[in-house]
**Student:** 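If you scroll down you'll find the structure; I have some questions about it.
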Amino acid sequence: SGRWARATAIIKELEEKCGTPIGKLRQVADAMAVEMHAGLASEGGSKLKMIISYVDNLPTGTEKGLFYALDLGGTNFRVLRVQLGGKGRGIISQEFTEVSIPEHLMVGTSDALFDYIAAELAKFVAKEGQDYQLPPGRQRELGFTFSFPVLQSSINSGTLIKWTKGFSIDDAVGQDVVAELSKAIEKQGLDMRVSALVNDTVGTLAGGRYVNGDVVAAVILGTGTNAAYVERAHAIPKWHGLLPKSGDMVINMEWGSFKSAHLPLTEYDHSLDTESLNPGDQIFEKLISGMYLGEIVRRVLCKIAEEASLFGDTVPPKLKVPFILRTPDMSAMHHDTSSDLKVVRDILKNVLEISNTSLKVRKFVVELCNIVATRGARLAAAGIVGVLKKVGKDAFKDGEKQRTVVALDGGLYEHYNEYSKCMENTLRELLGEEVSESIVIEHSNDGSGIGAALLAASHSQYL
Ligand code: ADP
Ligand code: MG
């Protein structure tokens, strides 16, 4: 019928516009490497902020003692403590708690957010068992993982550049987030020093390096997306400080804000961006990360409902609600292996209140999920190749047999198997069989929190 023809035409057009042939991905990877150079050359030289993290030494395994971490970055925050055993001993014990952030605090005031977090931190510290030993007379020390763009001024200070991922707290922008947190901690009557402020990518890199000495970069694919990697300090023209002894400096790329004419953008992406909390910003993030994939699918479904009456003569009202279709629902539909696509049926019914769908319609929805996830995953792979290019690990060097490990973390990477599989296959496709053998993707499970605790240890006031 005419409906089907129209619906099929819309999806065909989407597929074309979302296309990521290998040549395009190479252009994206090249553009990423070029922007990395530009962002390192001067402050504001690129959409990529290429933030100097002040981490010039990654964990070595000798870190010792009791340290805390607080990981704030998306829908939840985590508080953890780790007892580090020192050389050869690794992590002796660790404990964490996870708390969701009430939505009103994501768009309220800085004080309200930090007071809430500090109160949870104080509760956590109050419930400490015998396994955890703080030497007498010592102050507790914390690594603060904060996954928003911060202009760092030292290892434990930095001002918030802007919010991303659904957060919007105006009075916090431009403030030193460590000062804000410390003030709130003090209000709780808790005696704790913030020894390290790290982005989650930097934390993941540190946590990854602690377990594997070959880790040189970290990528987060969660609510948002970002990457960090080890740069040679003399290759950072905008760095005017002393060259660190190690010769290295970890760079927080803030790659979510990457933008390039080579990115395959559709009308759905343009309207999503325009109607977002941060129009014009975080374009790469809006194509590949968990906060947005489900929303892109919803927008396409909405258009098909309007123009091809896919779900009947009227557009189902729920389908018009922004962000109602979450990426975990999208991935559940995408992974549905039942012959009658029951999972798709149930999600359409329960989330979007669309009942009585035919198998044909459900198949259509799965195809749509596949198109959107595939584009995101392939672009993520191109981003990683861009980083490998910048550090010279994207091609074989004579006699070089060293493994290069990229630590990956984030709920999207962890749970959306079709996505991570596609990303890893694309990486192989881009690098070629031979080079691929020396590049390893390693899942760094919750490395960002532990990494922050490790960096708190290596920047302890008692060293
Ligand atoms: P954050 O990025 O908020 O720090 P996570 O790394 O845990 O936290 O990532 C959470 C995000 O991962 C969610 O917002 C969601 O987009 C994505 N996600 C979680 N579970 C799934 C899933 N089953 N399938 C696809 N995406 C998921
Ligand atoms: Mg996180």
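Note that ligands are numbered from 1 as they come in the structure, with each ligand's atoms numbered from 1 the same way.
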**Student:** So, Asn226 and Asn252: side-chain donor and acceptor under 3.5 Å apart, yes or no?
**Tutor:** yes
**Student:** Is the Tyr416 to His334 ring centre distance short of 6.0 Å?
**Tutor:** yes
**Student:** If you have a sec, work out which protein heavy atom is nearest atom 10 (C) of ligand 1 and how many Å separate them, to one decimal?
**Tutor:** Thr223 OG1, 3.6 Å
**Student:** Any idea which protein heavy atom is nearest atom 7 (O) of ligand 1, and the distance to it?
**Tutor:** Gly411 N, 3.8 Å
**Student:** Among all protein heavy atoms in this structure, tell me which lies nearest to atom 17 (C) of ligand 1, with the distance rounded to 0.1 Å.
**Tutor:** Leu412 N, 3.7 Å
**Student:** Are any of the N/O atoms on Asn76, whether in the backbone or the side chain, positioned under 3.5 angstrom from an N/O atom of ligand 1?
**Tutor:** no
**Student:** So is His415 polar-close to ligand 1, meaning N/O to N/O under 3.5 Å?
**Tutor:** no
**Student:** Checking side-chain polar atoms at under 3.5 Å, does Asp248 have a donor or acceptor matched by the opposite partner on Ser246?
**Tutor:** no
**Student:** Closer than 4.0 Å to some heavy atom of Gly290 - which atoms of ligand 1 meet that?
**Tutor:** 16 (O)
**Student:** Counting heavy atoms not belonging to Asp340, are there more than 12 under 6.0 Å from its CG?
**Tutor:** yes
**Student:** Give a yes or no on whether the backbone of Ile324 and the side-chain of Lys318 come within a donor-acceptor separation of less than 3.5 Å.
**Tutor:** no
**Student:** Could you tell me which atoms of ligand 1, counted from 1 in the order shown, lie closer than 4.0 angstrom to a heavy atom of Gly410?
**Tutor:** 6 (O)
**Student:** For Gln461, does the CD atom sit with more than 12 other heavy atoms under 6.0 Å from it, leaving out its own atoms?
**Tutor:** yes
**Student:** Give the atom numbers and elements of ligand 1 that come within less than 4.0 Å of a heavy atom of Gly74.
**Tutor:** 3 (O)
**Student:** Does this structure show an ion pair linking Asp281 with Lys47, if we count only N-O contacts that are shorter than 4.0 Å?
**Tutor:** yes
**Student:** Is it the case that ligand 1 has an N or O less than 3.5 angstrom from some N or O of Gly222?
**Tutor:** no
**Student:** Which heavy atom of the protein is the closest neighbour of atom 24 (N) of ligand 1, given with residue, atom name and distance?
**Tutor:** Ser331 OG, 2.7 Å
